[in-house]
Protein chains: 2
Amino acid sequence: MSFIATPQSMHFPEVLTLQSGASIRDYHLAFETYGTLNADKSNAVLVCHALNASHHVAGVYEGQPKSEGWWDNMIGPGKPVDTNRFFVIGVNNLGSCFGSTGPMHTHPDTGEIYGADFPVVTVEDWVNAQARLLDRLGIQQLAAVLGGSLGGMQALSWTLQYPERMRHAVVVASAPNLTAENIAFNEVARRAIVTDPDFHGGHFYRHGVIPKRGLRIARMIGHITYLSDDVMNEKFGRQLREGMDLKYSTQDIEFQIESYLRYQGDKFSEYFDANTYLLITRALDYFDPAREHANNLTLALARAQAKFLLVSFTTDWRFSPQRSREIVKALLDNRRRVSYAEIDAPHGHDAFLLDDARYMSLMRSYFDSIAKEFA
Amino acid sequence: MSFIATPQSMHFPEVLTLQSGASIRDYHLAFETYGTLNADKSNAVLVCHALNASHHVAGVYEGQPKSEGWWDNMIGPGKPVDTNRFFVIGVNNLGSCFGSTGPMHTHPDTGEIYGADFPVVTVEDWVNAQARLLDRLGIQQLAAVLGGSLGGMQALSWTLQYPERMRHAVVVASAPNLTAENIAFNEVARRAIVTDPDFHGGHFYRHGVIPKRGLRIARMIGHITYLSDDVMNEKFGRQLREGMDLKYSTQDIEFQIESYLRYQGDKFSEYFDANTYLLITRALDYFDPAREHANNLTLALARAQAKFLLVSFTTDWRFSPQRSREIVKALLDNRRRVSYAEIDAPHGHDAFLLDDARYMSLMRSYFDSIAKEFA
């Protein structure tokens, strides 16, 4: 069993101005910390989360032995990111549905639930909010910012927004922006949610309903894109759900893969907020640090001062190795110190969350080297 | 402008027993023919269609200059499949919504619209129905059966069901069965349709509504999988719809790719039948000639007598070249005569419908060689 984690919450009464020009005030950030901040506050690692995750990165909650954090295999005492040496901080992002202020909370100006009126938040906004949390925790400079997928985008953005507040960026299974195909999948998922009659323009809370049909479809699409074709063939292939005989039905489950997807969709629709889904996929779509530099990523990354580790996975078609290599090239153009590993793993995008001996050993050795800087 | 095509219809009063054990009677098949059947009836080519297509393969309808058939670039006078030499037959499959008997027609036993009660049809059933149409047209042996994608599956199935009734099979951008990922995409599309409140269990006709939300989502998913990542980046990239400024909205269109997908979804939902979508994607899922041969494709294809041309496209991730190579290998194991071309084209699965000089020239030269057999 893992160690016990304790969620915390920090209130921010002041106004945070967002990239869109809108602002938010009186918000909370849910967070957790593991390990002990050292005397000169030089051993802090911030972990940024992706779509369906939270501040609960590692450990389990008291009395809930199955409540492991989403990166519990990576972070903890003796783990690759060793909390005996590092002070690890997980923060739930604004707009999420796992504890930080989000669409299901009350707008302080109106006393109404935000719903669709929750402001659009970007990766940059999340990073700004995370920086304020660090201010309150008294941490001036992070040993590292670490994230996978959308979390990797936040780690990358940290190096541009707060270049002097971090020494390392660890960017796993990520990309400098989404491709048209990525945006397309996000858009289909959003349309499934928004056109669900139970969505009510995003104000479904006051109707006492949840747009579960849309959330199910969104999650099913997501699951297909997180896995590789190979791993789907290996796990499910063309296996029928019930024995050898076909039922000849268009609506009943016939293949195992259908059963798996429906189950994942059902489960997700029980706990994930529809407005959060829209917000987080939009933040993914918008992230594009090169946009304000005439799409020149080298120019965009010139501000970065951190040392970098980038990791990609060969079968990840959502954030392919090529996208990581674009970041590596732009950093090398700027003469930054970059380590890059392309892990030959069969699991697609999901690989960044899974145990792979080479991946784990690489992360361990990189964080070992970071630890030597303050040991 | 292309030549004038004239749709025809054939009535089949007799019972067709389906693979599921169900049967259908009193059905119509819509079809078109181009060119002239020669005296010994040896120049007939059957063209099988994929999901969103029909018997209207080539030519235009009288007075409708923009009504080109879906493979008008491939088939016609002087085209690669030259109707000055071949007698080409296009048939709309059972269960479709473009003229042949389908879910929106009346069940002869009940006098009610079939709707969800239309029997599940398979590739094998379609081939059997096509063979009966050929019987009625007095054609004993086809010069070739030609199809792309799901149409290619029909061409392949023809070689197994009626090995002596054809001399050539031309199987383009196809596969010996769907992968788990393919089935998964079909299942998400079906769930979007079936869970649309306007679907009414498939009997939406009697409610005077159409499950357009579901059809839109299904079509958007389809479009993503028909295109390659590369061609989407080239056509749309991260271009914004309106100038340079972001709107910061989760529901409005922001990127061009979103606009394209919504437009395609809207258009499709205006004319495609929801039950047909379920039936055709299920026929795709079920096709698997190796299933009854312990998943040994070599054993499954032993019955085939035809000469084969297989064509695949490098960027087709829906029916990848590897899947065509599986068919090629199984045929070579059986010492069949096989030509195979892997066309380096950027357009993904859609490439089989598009003009590509090498593809067109290859098809032309193969059909020229077929024509020499009866010239």
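Because the structure is a prediction, the values reported are computed rather than measured. Protein chains get the first letters and strands the later ones, always in sequence-line order, with residue 1 at the start of each.
Remark: the backbone N or O of A:S249 is paired with a side-chain donor or acceptor of B:R282 at under 3.5 angstrom.
Considering CG of B:N182 and CD1 of A:I224, their distance stands at 10.0 Å, rounded to 0.5 Å. The distance from atom CD of A:E181 to atom CH2 of B:W317, rounded to the nearest 0.5 Å, is 5.0 Å. Atoms CD1 and OG1, from B:I280 and A:T250 in turn, are 12.0 Å apart once rounded to the nearest 0.5 Å. Separation of atoms NZ (A:K212) and OG1 (B:T195) is listed at 13.0 Å; rounding is to 0.5 Å. Separating the CD1 atom in B:I217 from the CZ atom in A:R190 is a distance of 11.5 Å, to the nearest 0.5 Å.
If you measure heavy-atom distances from A:L178 to chain B, the contacts under 4.5 Å come from both the backbone and the side chain. For B:L18, no part sits under 4.5 Å from any heavy atom of chain A, backbone or side chain. Interface residue B:V188: backbone and side-chain heavy atoms are both found under 4.5 Å from chain A. Residue contact with chain B, scored on non-hydrogen atoms closer than 4.5 Å, is absent for A:Q256. Residue B:S320 does not touch chain A at all, counting heavy-atom pairs closer than 4.5 Å. Of the two parts of B:D285, the backbone and the side chain both hold a non-hydrogen atom closer than 4.5 Å to a non-hydrogen atom of chain A. If you measure heavy-atom distances from B:F118 to chain A, you find no contacts under 4.5 Å at all. Looking at A:R216, there are no atoms closer than 4.5 Å to chain B (heavy atoms on both sides), in backbone or side chain. The parts of B:L278 that come within reach of chain A are both its backbone and its side chain, each placing non-hydrogen atoms under 4.5 angstrom from that chain. In this structure, chain A has heavy atoms under 4.5 Å from both the backbone and the side chain of B:F185. With a 4.5 angstrom heavy-atom cutoff, B:E254 touches chain A via backbone and side-chain atoms both. Neither the backbone nor the side chain of A:Q239 comes within contact range of chain B, judged by heavy atoms closer than 4.5 Å.
The closest side-chain heavy-atom distance from A:L240 to B:R291 is below 4.5 Å. A 4.5 Å side-chain heavy-atom check between A:R238 and B:D288 finds at least one atom pair inside the cut-off.
When each of A:N177, A:I221, A:T122, A:L279 is scored by its heavy-atom pairs under 4.5 Å with chain B, the top score falls to A:N177. For the options B:T281, B:L246, B:D196, B:I253, heavy-atom pairs under 4.5 Å to chain A are most numerous at B:L246. When each of A:G21, A:A22, A:P119, A:G237 is scored by its heavy-atom pairs under 4.5 Å with chain B, the top score falls to A:G237. Ranked by heavy-atom pairs under 4.5 Å with chain A, the list B:T179, B:N295, B:L261, B:V194 is led by B:T179. Interface remark: of the candidates A:S20, A:G202, A:A192, A:S20 forms the most heavy-atom pairs closer than 4.5 Å to chain B. Interface check for chain A: of the options B:K247, B:M232, B:H223, the most heavy-atom pairs under 4.5 Å are formed by B:M232.
Annotation for A:Q251 and B:G201: closest pair NE2-O, 3.9 Å, computed over non-hydrogen atoms. Closest of all the heavy-atom pairs between A:I257 and B:A180 is CG1-O, 3.9 Å. Of all heavy-atom pairs between B:P197 and A:P197, the closest is CG-CG, 3.6 Å.
Between A:E258 and B:R191 there is no salt bridge, since no side-chain nitrogen of the basic residue lies less than 4.0 Å from a carboxylate oxygen of the acidic one.
Between B:Y286 and A:F255, the ring planes are tilted. Angles from 30° to 60° get that label.
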